[in-house]
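Reckoned from all heavy atoms, side chains included, excluding hydrogens, waters and symmetry mates. A, B, ... follow the sequence lines: proteins, then strands. Residue 1 opens every chain. Remember, predicted model here, so these are calculated numbers, not experimental data.
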Number of protein chains: 2
Amino acid sequence: MSSCDTCVVRNRAICAGLDSREIHALNAIGRRRSVTAGEPLIWEDDDSLLVANVIDGVLKLTTSTEDGREQIVGVAYPSDFIGRPFGPTSKASVVALTDARVCVFSRNDFDRFAREHPELEHKLLERTLAELDRTRSWMMLLGRKTAPEKIATFLLEMSERLAETGCTPSFGPANRFSLPFSRQQVADVLGLTIETVSRQFTKLKNEGVIELPSRREVEIVNRGALVALAG
Amino acid sequence: MSSCDTCVVRNRAICAGLDSREIHALNAIGRRRSVTAGEPLIWEDDDSLLVANVIDGVLKLTTSTEDGREQIVGVAYPSDFIGRPFGPTSKASVVALTDARVCVFSRNDFDRFAREHPELEHKLLERTLAELDRTRSWMMLLGRKTAPEKIATFLLEMSERLAETGCTPSFGPANRFSLPFSRQQVADVLGLTIETVSRQFTKLKNEGVIELPSRREVEIVNRGALVALAG
DNA sequence: CGTACTGTTGAAACTAATCAAGGTACGTGG
DNA sequence: CCACGTACCTTGATTAGTTTCAACAGTACG
């Protein structure tokens, strides 16, 4: 029995829609791997040697300047695809934010398999187009929004992305969630400094818009205010 | 005879690799269209009704906030693909920066054709992955670079992108080129104001790094300095 | 030759970064 | 289980970079 049969993201990841024979073939070239929080999976500018599906956990995609400034350029949640197929190098590092499980493939094996299975390539294309949309709307945030707007937008996005993942059968965005990011990482997502992030969080708390039960926990008390602030 | 036969981007656009029968079928669902500088082709948040290949000219992809702030999230050059296939809405407006010619398809027609032609979908996937890489490196610029670094990076990118397009059989980046952007549009690409862009241009000119023969013309005099400044 | 648009320059205001201490939570070992 | 050390976070004061506001100059065009 292939491990795909018991895969929790089987019906949401790009593997969805493959028949049992194809799943078996894909299973043959992939393997499960655990990544502990903070552990890297792919290095920036490395030869693109592997690609993967996220089964469980959250990972960050980052690029850095020589002098150490970091920008988080993407966040991968369960069922997301990571890595750079059909290209020689990966332009972003991938590091686990939480303990995570992924299904990894050698890039060459994956490329070959994908080219032989148009349905899988199509799924990958849809996913890449959606990611490009998301990335572009993040460019607007980075280039044109103020610090308060960035924070409000970030919290709203988090409440949506983390709700999708959750097992609770609730619909719509979550009003209470646990951030997979440290303050520094929030800063790296938004193009701010850690101090500015901290101050804006505190300000929203003092204004009664959010509660901060613990370092990583956020509760949205007044969603309307947050939407208004998001710009 | 189909107009594809005489298409100047025939071998670089996603149509490359299709056989003559397929080209004929694609030609049947597409049509040429001219767009004058400043004219919009697609509106933000519109139903995604059409997609297109750029034959000639340069177009900008933008997103805007309600209060009118604009961010250019992408620039399309000849052979680039524009529009949002396989999705209900387009998240960005597309407006011509120069007079342009495009080959447009109704999205439905294109989607159907693409699904029946894996080779075309593969080309589109490769293109989308490359665009995502470029977009992510632009996120680093927007989130973490200073105004001087942004300007330097921008000029270097321009010298590369515009060289590819040019008919001159020279290799490598162009040291002299004509910007397809006004100062305001440069500001919208970089997440700056028009005044800051102007000041940085002047500063580079005074330092002898570039020459500005006219409003739109740029000559790179000291490429090394520019690379150093790009951060 | 005047008008309108685009770009440049200067001064002031403001936002967010930087520099610098403290404080709080958390894990570890006593 | 509690004390301690460390990493993470918050807060305050100051500074720097960019925006904003305002006026002017250059260029294209009728």
Side-chain angles (χ1 to χ4, degrees), chain A residues 36-38 60 65 67-72 97-99 141-155 178-207 210-218 229 231, chain B residues 36-38 60 65 67-71 97-99 140-155 178-207 210-218 229 231:
Chain A
T36 58
K60 65 171 180 176
T65 51
D67 59 338
R69 283 173 288 179
E70 181 168 314
Q71 176 68 48
I72 294 181
L97 291 174
T98 64
D99 289 346
L141 173 141
L142 290 171
R144 290 294 184 211
K145 290 194 178 179
T146 63
E149 290 172 336
K150 284 178 176 181
I151 296 286
T153 307
F154 170 78
L155 290 173
S178 183
L179 290 175
F181 302 104
S182 69
R183 290 290 183 273
Q184 181 59 61
Q185 286 159 351
V186 175
D188 290 339
V189 171
L190 299 176
L192 296 170
T193 59
I194 184 174
E195 293 95 330
T196 301
V197 171
S198 182
R199 277 187 250 272
Q200 295 297 332
F201 270 48
T202 306
K203 188 155 149 279
L204 288 176
K205 190 179 72 177
N206 292 341
E207 290 167 347
I210 60 171
E211 280 300 322
L212 299 169
S214 75
R215 285 184 167 181
R216 296 282 184 124
E217 297 283 321
V218 178
L229 283 169
Chain B
T36 57
K60 65 172 179 175
T65 52
D67 61 338
R69 282 172 287 179
E70 181 168 315
Q71 175 69 46
L97 291 174
T98 64
D99 289 346
M140 154 59 78
L141 173 139
L142 290 171
R144 291 295 184 207
K145 290 193 177 181
T146 63
E149 289 171 336
K150 284 178 176 180
I151 296 285
T153 307
F154 169 79
L155 290 173
S178 182
L179 289 176
F181 303 104
S182 69
R183 290 289 183 275
Q184 181 60 62
Q185 286 159 352
V186 175
D188 290 339
V189 171
L190 299 176
L192 296 170
T193 59
I194 183 173
E195 294 94 332
T196 302
V197 171
S198 181
R199 277 187 249 271
Q200 295 298 331
F201 270 48
T202 306
K203 187 154 150 279
L204 288 176
K205 189 180 71 176
N206 292 341
E207 290 167 346
I210 60 171
E211 279 301 323
L212 299 169
S214 75
R215 285 185 167 183
R216 297 284 184 120
E217 297 283 319
V218 178
L229 283 168

Could you list the donor-acceptor pairs under 3.5 angstrom formed between side-chain atoms of residues 189-200 of chain B and any protein atom two or more places apart in sequence or on another chain?
{"from": "Thr193(B)", "atom 1": "OG1", "to": "Thr196(B)", "atom 2": "N", "distance (Å)": "3.4"}
{"from": "Thr193(B)", "atom 1": "OG1", "to": "Thr196(B)", "atom 2": "OG1", "distance (Å)": "3.1"}

Exercise. Which pairs, with at least one residue in residues 141-153 of chain A and sequence neighbours excluded, count as a side-chain hydrogen bond (donor to acceptor under 3.5 Å, both in side chains)?
Worked result: Arg144(A)-Asp188(B), Lys145(A)-Thr153(A), Thr146(A)-Glu149(A), Glu149(A)-Arg69(B)

Would you say the side chain of [Y] lies within less than 4.5 Å of the side chain of [X], judging by non-hydrogen atoms?
| X | Y | answer |
| --- | --- | --- |
| Asn206(A) | Phe201(A) | no |
| Gln71(A) | Leu142(A) | yes |
| Ile72(A) | Val186(A) | no |

Problem set entry | Sugar-phosphate only, base, or nothing, as touched by Ser198(A) at under 4.0 Å among non-hydrogen atoms | base

Exercise. If you walk 5' to 3' along DNA chain C, what is the first nucleotide with an atom under 4.0 Å of a heavy atom in chain A, and what is the last?
Worked result: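 First and last nucleotides in contact are dA16(C) to dA25(C).
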
Problem set entry | Under the side-chain hydrogen bond (donor to acceptor under 3.5 Å, both in side chains) test, residues paired with Thr36(A) that sit two or more places apart | Glu39(A)

For this session: Summarise how protein sits on nucleotides 17-24 of chain D as a single string, 5' to 3': B when a protein heavy atom is under 4.0 Å from the base, S for sugar-phosphate-only contact, - for no contact.
Result: -SBBB---

Seminar exercise, completed: Heavy-atom contacts, protein to nucleotides 25-30 of chain D, under 4.0 Å, summarised as B (base), S (sugar-phosphate only) or - (none) per nt, yield -BS---

Exercise. How long is the gap from OG1 on Thr202(A) to CG on Leu212(A), to the nearest 0.5 Å?
Worked result: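 Separation between the atoms: 7.0 Å.
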
Salt bridge (Lys or Arg N to Asp or Glu O under 4.0 Å) with [X]: which residues, sequence neighbours excluded?
| X | result |
| --- | --- |
| Arg183(B) | none |
| Glu211(A) | none |
| Lys60(B) | Glu70(B) |

Problem set entry | Qualifying residues under ring pair (Phe, Tyr, Trp, His ring centres under 6.0 Å), relative to Phe181(A), sequence neighbours excluded | Phe154(A)

Between [atom2] of [N] and [atom1] of [X], the distance in whole Å:
| X | N | atom1 | atom2 | value |
| --- | --- | --- | --- | --- |
| Leu212(A) | dC9(D) | CG | C1' | 11 Å |
| Phe181(A) | dA7(D) | CZ | P | 23 Å |
| Ile194(A) | dC8(D) | CD1 | C1' | 7 Å |

Problem set entry | End axis versus end axis in the helix from dC1(C)-dG30(D) to dG30(C)-dC1(D), the angle rounded to 10°, five pairs used at each terminus | 40°

Problem set entry | side-chain contact (heavy atoms from CB on, under 4.5 Å) assessment of Met140(B) paired with Thr65(A) | CA-CA 8 Å; Met140(B) 154 59 78; Thr65(A) 51; 3.7 Å; yes

Exercise. Who pairs with Arg216(A) by side-chain contact (heavy atoms from CB on, under 4.5 Å), at least two apart in sequence or on another chain?
Worked result: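 For Arg216(A), the residues satisfying side-chain contact (heavy atoms from CB on, under 4.5 Å) (neighbours in sequence not counted) are Ser178(A), Ser182(A).
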
